[in-house]
Amino acid sequence: MLAAGWACGVASNQPALDENDLETVAVGQPADSILRPDEDVREQRAPEAALRGRIPGAFPDGFPVPDASTVVDFGDVAAEEGEAVVAEYVGLLLPLGAPAAREWLLHEAQAAGWRATLGETMTFRRGEEWVEVAIAPGATPGNSAARFEYAKP
């Protein structure tokens, strides 16, 4: 028995490994350290200023809407009982305060060929087309809520 135990303790030419020592391995540069999103030719982001949502229905082509506006509501304008629906509306959250939104809309609509009639609501006409706009202060500073009514074909 003693010989078997003695054979296990025979010294070898290999240095004894400490179980806390780790083997050193050379590694290359991490793959994600060389990636640059701005150089990724496949990435195509929408412009920051695009309209959020889709304006439904017969909204007049060429009528200006501020960039970064968000569609929040849309539908038919309620008609009197027994009458056909003749108008639609779309509700937008605008990225401008109410006074700035009114001024922007007046300037841009007139530049696009719309004639304006001012009052509590603004009415714009171009040929047979018309758009009536009511703008109110939004829930957060610097925003406003607008309702655009227009003829339904």
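Being a predicted model, the structure only gives us computed values, none of them experimental.
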Tell me whether Glu103 at atom CD has more than 12 heavy atoms from other residues, nucleotides or ligands lying less than 6.0 Å away. no
Report yes if some heavy atom in the side chain of Phe124 is under 4.5 Å from a heavy atom in the side chain of Pro60; otherwise report no. no
Is it true that Val72 and Ile135 fall in one hydrophobic cluster, defined by side-chain heavy atoms closer than 4.5 Å? no
Transitive ILVMFWY side-chain link Trp130 to Leu118, under 4.5 Å: no
Checking Leu93, Ile55, Val65 against Val71 for side chain to side chain contact (heavy atoms under 4.5 Å, CB included), the one that qualifies is Ile55
Between Pro137 and Ala98, the two heavy atoms sitting closest are N-CB, 4.0 Å
To the nearest 0.5 Å, what is the distance between CG on Leu92 and CZ on Arg52? 12.0 Å
Quick check: closest heavy atoms across Pro95 and Pro66, and the distance to 0.1 Å? CD-CB, 4.2 Å
Interatomic spacing from OH in Tyr150 to CD in Glu132 - rounded to 0.5 Å: 13.5 Å
Could you please spell out the steps behind the side-chain contact (heavy atoms from CB on, under 4.5 Å) verdict for Arg147 and Val77? CA-CA 11 Å; Arg147 181 180 166 112; Val77 174; 4.1 Å; yes
According to a hydrophobic-cluster definition based on side-chain heavy atoms being under 4.5 Å apart (Ile, Leu, Val, Met, Phe, Trp, Tyr only), do Phe63 and Leu106 belong together? yes
According to side chain to side chain contact (heavy atoms under 4.5 Å, CB included), who are the partners of Val86, at least two apart in sequence or on a separate chain? none
If you round to the nearest 0.5 Å, how far is CG of Leu94 from OG of Ser69? 4.5 Å
Taking side chain to side chain contact (heavy atoms under 4.5 Å, CB included) as the test, write out the residues that go with Thr117, two or more places apart. Thr123
Return yes if a side-chain donor-acceptor contact under 3.5 Å exists between Tyr89 and Asp76, otherwise no. no
With sequence neighbours excluded, what pairs up with Arg102 under the side chain to side chain donor-acceptor pair (under 3.5 Å) test? none
Closest heavy-atom pair and its distance - Val90, Pro56: CG2-CD, 4.2 Å
Of the non-hydrogen atoms in Gln110 and Ala116, which two are nearest, and what is the gap between them? NE2-CB, 3.9 Å
Check the surroundings of atom CZ in Phe74: do more than 12 heavy atoms from other residues, nucleotides or ligands lie under 6.0 Å from it? no
List the steps and the verdict of side-chain contact (heavy atoms from CB on, under 4.5 Å) for Phe148 and Leu105. CA-CA 11 Å; Phe148 294 75; Leu105 191 57; 4.2 Å; yes
